[in-house]
Amino acid sequence: MHIFSKLFSAFGPQHWWPIKGEYKPRKLSEQDRLEICIGAILTQNTSWKNVEKALDNLHENKLIDLKNLANIKEQKLAELIRCSGYYRQKAKKLKIFAQHVLKFGSLKIFFEQKNLRDNLLSIWGIGPETADSIILYSAEKPVFVIDAYTKRIMSRFGVCKSDVDYHELQGYFHERLPENHKLFNECHALFVELAKRNCKKVPDCSSCPIKKSCQKQI
Ligand code: SF4
């Protein structure tokens, strides 16, 4: 919570997840929730910049829609998301995801599953980070998302090794933070901001808001 308050005071609210490229507070519609799921899959192994163009293409082709996504030809979908990299694999993943959710009728009903995380992890192409991003940002349920930035910052901070296990580091946050999806959302978004501004591959610690507590600085 100490780290969170420092980052929040320095960077302010981040308003994640972006919808149609905009970061702002909002009540999520069913389509917004689907856009987040699609973005979480498309951003695997690529930067968000590459995902934005792919999402624009999907919007233009009315593919932020479960049925349309499930039914479109995989090759056509792959072309539309080419800029996001690994596009053939990702087209397959998106179609499998849409077909899986459609078995439940809607994203809303799918998100009501008690074993939602296990259910997501059972879908081909969805690993812990993607599943947790979907649960936190789209279903708005409290699970802490661990990504490469979180591992980098926490290892430099002195909390873990740089190759820490996903669930071990996730447990660290779950044990220490109140179980609140808004807090988890903001905290993860602030880590990403810190990684972009200060805790880069070569860290720029001089203006880092948490440098006084960081092991790397002591
Ligand atoms: S002080 Fe430096 S190493 Fe520590 S979190 Fe900040 S930028 Fe990263």
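Order of listing sets the numbers, starting from 1, for every ligand and every atom in it.
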In plain terms, say whether [X] and [Y] are close enough for a salt bridge, that is, a side-chain N and a carboxylate O under 4.0 Å apart.
{"X": "Lys182", "Y": "Glu186", "value": "no"}
{"X": "Arg88", "Y": "Glu74", "value": "no"}
{"X": "Arg33", "Y": "Glu30", "value": "no"}

Looking at [X], which atoms of ligand 1 are within less than 4.0 Å of one of its heavy atoms?
{"X": "Asn198", "result": "7 (S)"}
{"X": "Cys214", "result": "1 (S), 3 (S), 4 (Fe), 5 (S)"}
{"X": "Cys205", "result": "1 (S), 2 (Fe), 3 (S), 7 (S)"}
{"X": "Lys211", "result": "1 (S)"}

Member of Gln170, His188, Lys141 meeting the side-chain hydrogen bond (donor to acceptor under 3.5 Å, both in side chains) criterion with Asp132
Gln170
With side-chain hydrogen bond (donor to acceptor under 3.5 Å, both in side chains) as the test, pick out the partner of Lys53 among Asn57, Asn50, Asp56.
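Of the listed residues Asn57, Asn50, Asp56, the side-chain hydrogen bond (donor to acceptor under 3.5 Å, both in side chains) partner of Lys53 is Asn57.
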In the protein, which heavy atom is nearest to atom 3 (S) of ligand 1, and how far is it?
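Heavy-atom neighbour on the protein nearest atom 3 (S) of ligand 1: Lys216 CD, 3.5 Å.
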Top protein contact for atom 6 (Fe) of ligand 1, by heavy-atom distance:
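Here the nearest protein heavy atom works out to Cys208 SG, 2.3 Å.
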Report yes if some heavy atom in the side chain of Asn61 is under 4.5 Å from a heavy atom in the side chain of Asn68; otherwise report no.
no
With heavy atoms under 4.0 Å as the rule, classify the contact between Arg156 and ligand 1 as side chain, backbone, both or neither.
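Arg156 to ligand 1: side-chain contact only, backbone stays beyond 4.0 Å.
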Verify the distance test for Cys199 against atom 8 (Fe) of ligand 1: any N/O/S atom under 2.8 Å, yes or no.
yes
